[in-house]
Amino acid sequence: RRVLFRSVGLRRIDTAQVRQLHINDAPVLDPVYRILNYRQESDVLVVGMECIPTPRVCPYCKSPKLTKWGGRQQNICDIPRHGHPVILQIQTKRFRCRKETCTKTFMQELPSIAESRAMTKRLLRWIGEQGLNRTFVAIANEIGVHEKTVRAAFADPAAGKPLCGR
């Protein structure tokens with residue numbers, strides 16, 4: 001039996017606790033993502049996906065000479081579904097510019113993912129809405145992250161909280 005690691009809290013999960021779910025029931029993030037698999041690991045819903053569009057030019061020098069340079073899996077938190085935390089495991093591609101004066105590497109851009117946070121923009125907005133009526137600890141327990149993460153996300157201007165007194 002193989003042991004998996006849960007991305008939130010890195011808790012060991014036995015593969016006997018993994019249950020495959022139907023892909024049509026997976027939460028849809030954006031039409032630019034292709035859903036590869038959907039499963040439940042212990043109490044967490046995990047959606048395997050990849051971003052379809054690839055960059056056409058280098059973001060540094062604007063050269064169209066690009067080559068694939070590997071990739072990695074990114075674990076992104078999303079809004080809870082049916083009372084379970086949701087983790088999006090997105091396969092991202094890495095590219096390298098082939099222009100002799102540039103040769104920089106860069107990752108594929110991920111639409112609908114909050115800048116400098118491992119969460120979706122809709123989760124960030126959801127935290128902004130829920131934080132007005134609920135405690136940060138309750139929200140953190142529902143989405144499967146630390147309370148400090150919820151506090152920092154709530155303080156983010158992108159959370160979209162209504163302005164008080166205006």
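The first residue of the sequence shown is numbered 1, and numbering continues consecutively from there.
With rounding to the nearest 0.5 Å, the separation of CD1 in Ile79 from CD in Glu129 is 9.5 Å. To the nearest 0.5 Å, the span separating NZ on Lys121 from CD1 on Ile76 amounts to 12.0 Å. Here OG1 of Thr103 is found 12.5 Å from NZ of Lys65. Values are rounded to the nearest 0.5 Å. In this structure, NZ in Lys99 is found 8.5 Å from SG in Cys58, a value given to the nearest 0.5 Å.
Contact record, Glu109 with Pro111: O-CD, 3.4 Å, taken as the closest heavy-atom pair. Of all non-hydrogen atoms in Cys51 and Leu110, the two that sit nearest each other are CB-CD2, 3.9 Å. Across every non-hydrogen atom of Pro80 and Ile143, the tightest pair is CD-CG2, 3.5 Å. Across all their heavy atoms, Gly131 and Phe136 have their closest contact at CA-CE2, 4.2 Å.
Counting only heavy atoms from C-beta outward, the side chains of Val46 and Gln89 approach each other to under 4.5 Å. Considering only heavy atoms from C-beta on, Arg72 comes within 4.5 Å of Met107 through its side chain. Side-chain contact between Val150 and Val145 is present, with heavy atoms from C-beta onward closer than 4.5 Å. Here the side chains of Trp126 and Ile139 are in contact, with some heavy-atom distance below 4.5 Å. When side chains are defined from C-beta on, Met119 does not count as touching Ile113, because their heavy atoms never get closer than 4.5 Å. A heavy-atom distance below 4.5 Å is not found between the side chains of Arg98 and Leu66. A 4.5 Å side-chain heavy-atom check between Asp156 and Leu124 finds at least one atom pair inside the cut-off. Proximity of Ser63 to Cys102: side-chain heavy atoms (C-beta onward) are nowhere separated by under 4.5 Å.
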Inset, instruction - Apply side-chain contact (heavy atoms from CB on, under 4.5 Å) to Cys77 and Leu123, showing your working. - result: CA-CA 7 Å; Cys77 293; Leu123 176 61; 3.6 Å; yes
Inset, instruction - May I have the step-by-step check of side-chain contact (heavy atoms from CB on, under 4.5 Å) for Phe154 and Leu132, ending in yes or no? - result: CA-CA 9 Å; Phe154 185 78; Leu132 297 172; 4.0 Å; yes
Inset, instruction - Could you give me the CA-CA distance, side-chain angles and deciding distance for Ile52 and Tyr33, then say whether side-chain contact (heavy atoms from CB on, under 4.5 Å) is met? - result: CA-CA 6 Å; Ile52 299 167; Tyr33 291 97; over 6 Å; no
Inset, instruction - Apply side-chain contact (heavy atoms from CB on, under 4.5 Å) to the pair Leu88 and Thr120, showing each step before the final yes or no. - result: CA-CA 9 Å; Leu88 307 177; Thr120 61; 3.7 Å; yes
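Gln108 places a side-chain N or O within 3.5 Å of a backbone atom of Pro53 that can act as its donor or acceptor partner. Formation of a donor-acceptor pair under 3.5 Å by the His84 side chain with backbone atoms of Val44 is not found in this model. Within the 3.5 Å criterion, the main-chain N or O of Val86 finds no donor-acceptor partner in the side chain of Asp78. Thr105 contributes no side-chain N or O that, together with a main-chain N or O of Phe95, makes up a donor-acceptor pair within less than 3.5 Å.
If you chain together hydrophobic residues whose side chains sit under 4.5 Å apart, Val47 and Val32 fall into the same group. Residue Tyr38 is grouped with residue Met49 when hydrophobic side chains (ILVMFWY) are merged at heavy-atom distances under 4.5 angstrom, including chains of intermediate members.
Applying the salt bridge (charged side-chain N to carboxylate O under 4.0 Å, His left out) definition to pairs two or more places apart or across chains, those involving residues 141-155 are Arg134-Glu142, Glu147-Arg151. Counting only residues at least two apart or in different chains, salt bridge (charged side-chain N to carboxylate O under 4.0 Å, His left out) contacts with residues 44-58 comprise Arg34-Glu50.
Of the charged side-chain nitrogens involved, none lies within less than 4.0 Å of a carboxylate oxygen, so that Arg117 and Glu115 do not count as a salt-bridged pair.
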